[in-house]
Amino acid sequence: MQRREFNQHLQRSAIALALSPWLTAPSAFAADKSRTWRTNPFALGVASGRPRADSVVLWTRVLFSEEDRAAADEALRVQVEVFADVGLKRRVQIAEVVTDGARGHSVHLHVRNLQPSTDYWYRFKQGDASSTVGHTRTAPALNADVRQLRIALSSCQHYEQGQFIAHAEIAKQPLDFVLFMGDYIYESTNPQYAIRKHNGEEPKTLAQYRERYEQYKRDPMLQAAHAAHPWVLMWDDHEVVNDYANDQDRQYTDPQQMLKRRAAAYQAYFEHQPVLLGPDADNPANMRLYDQLSWGKLADVWTLDCRQYRSAQACRDPVRGGGRMVVQCDELNDASRTMLGNTQERWLSDSLSQSKRHWKLVAQATQISSTSVSAPVGRSYWNDAWDGYPQARKRLLQTVVDAKLQNVVTLGGDVHCNVAANLRLEPNNLQSPIVASEFVTTSITSRGLGDKPSAVIRESNADLLHYRADERGYSLITVTPQEVRCDFRTTKFPAGSEAGLKTQASYVVKNGKAGPQAI
Ligand SMILES: [Fe+2]
């Protein structure tokens with residue numbers, strides 16, 4: 001690329017994004033001299049995300065070890081190269097991103113002008129250091145006839161409760177993208193079944209959240225999955241704190257304090273993920289993550305934010321808020337309560353109603369089908385999932401009915417359980433037609449419910465065709481014009497090598513027929 005072209009390219013993309021408005025511009029650039037690194041500054045690996053027909057977001061974060069710490073306040077220029085071949089012979093783009101300590105020396109580059117359905121390789125350079133090479137792939141053109149879309153569905157990776165062996169297998173699968181449904185980090189420590197330990201205490205500040213991401217991002221299997229495929233990301237609660245709802249946490253912390261913590265968590269999230277937008281410049285406690293992408297004519301995919309805008313859980317315990325089983329809770333019927341917030345809900349409803357693509361994949365953080373059980377004083381509901389927001393659930397499914405949509409499949413995580421379920425306007429009412437299909441993936445490592453409560457839930461909910469909380473892993477979703485197939489890839493305990501993963505069960509949703517079928 002010619003120097004002038006290079007400069008124009010910088011102005012168009014790299015600098016513009018590096019100086020996104022939520023952070024102040026670095027006051028001085030580091031001199032262009034070559035820096036000698038004592039330790040690898042790219043120790044957290046590389047990542048790509050948000051694939052579109054003509055663009056992707058590339059990510060890394062420059063990390064200063066103790067030996068390099070003296071330079072940690074400096075602004076840095078990081079070079080990014082994009083290649084059309086695995087041998088790195090045909091370089092198609094080069095750019096430079098300026099970063100500094102205010103953004104944790106994270107590097108985001110929104111690479112544009114790419115070709116649809118095309119493989120690319122990329123790497124970062126700073127001084128005498130080069131990152132590992134990542135692979136990414138763009139989405140098909142919007143009007144392309146696409147034969148297949150392959151997704152690895154994953155969520156809930158408590159670092160202490162296992163090795164990320166599911167990611168080692170994901171890294172080797174031929175995929176279009178990884179769809180991560182939330183709980184990328186865990187803020188809390190859980191000594192039960194722990195095979196390794198979190199560093200430091202529960203994060204509350206930006207520095208502490210950064211430290212937690214650093215620990216997770218150093219995991220080689222997680223790094224391999226990021227380097228192998230683009231990721232499409234959503235979050236759930238543990239990226240901030242367990243069971244939070246908007247500005248509420250379980251301890252009833254003052255909402256202003258809670259929003260400060262949320263701002264720190266959201267900034268750290270942005271600094272460590274290949275996402276396009278960071279926290280809102282005017283209000284850093286806000287960050288839009290919900291999004292929609294199209295896969296040729298084959299599928300529309302919505303990725304929702306089920307935490308930032310939701311109403312607090314219904315009938316909370318006055319001492320210990322957050323999720324719990326509730327019975328005789330009139331608040332559940334309050335139609336003003338929302339899982340997505342009014343703006344996101346309207347956006348989804350409009351966008352879903354107008355979708356003309358063959359499959360409509362609605363990815364959200366938790367479980368939509370019911371897991372309610374009978375209690376002596378009435379039916380008992382888990383108030384943190386959609387069972388706790390039944391009116392919002394009904395509105396979502398009513399949209400499907402009103403727009404006469406076929407081929408709606410919802411994807412979820414959070415509950416550490418593999419689920420295949422029918423979705424009806426009236427859950428578990430066999431007279432109520434099945435209007436959509438649900439797959440929920442189990443956790444990468446986080447422990448699930450015991451066998452007894454799982455069995456009770458399974459027996460209490462006719463809509464649950466498959467419900468197993470005893471194994472860890474991920475789910476392979478294969479979308480073709482004829483069907484959406486889900487293979488639950490699992491292991492009893494996630495330690496050792498990925499060779500231990502097997503297929504727990506497989507289900508398909510056939511074109512034009514709502515409801516998963518076992519195969
Ligand atoms: Fe989780």
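Atoms within a ligand are numbered from 1 in the order they appear, just like the ligands themselves. For this chain, numbers begin at 1 and follow the sequence in order.
Contact check for Thr303 versus Leu179: side-chain heavy atoms found under the 4.5 Å cut-off.
The number of protein N/O/S atoms found under 2.8 Å from the Fe ion (ligand 1) is 4.
With His272 as reference, Tyr213 is the one residue of Tyr266, Tyr216, Trp231, Tyr213 to meet the ring pair (Phe, Tyr, Trp, His ring centres under 6.0 Å) rule.
Partners of Tyr184 under the side chain to side chain donor-acceptor pair (under 3.5 Å) rule, at least two apart in sequence or in another chain, are Lys217, His226. Checked against ring-ring contact (aromatic ring centres under 6.0 Å, His included), His105 has the following partners two or more places apart in sequence or in another chain: Phe64. In this structure, Asp176 has no side chain to side chain donor-acceptor pair (under 3.5 Å) partners at least two apart in sequence or on a different chain.
Note that CG of Asp414 is 9.0 Å distant from SG of Cys306, once rounded to the nearest 0.5 Å.
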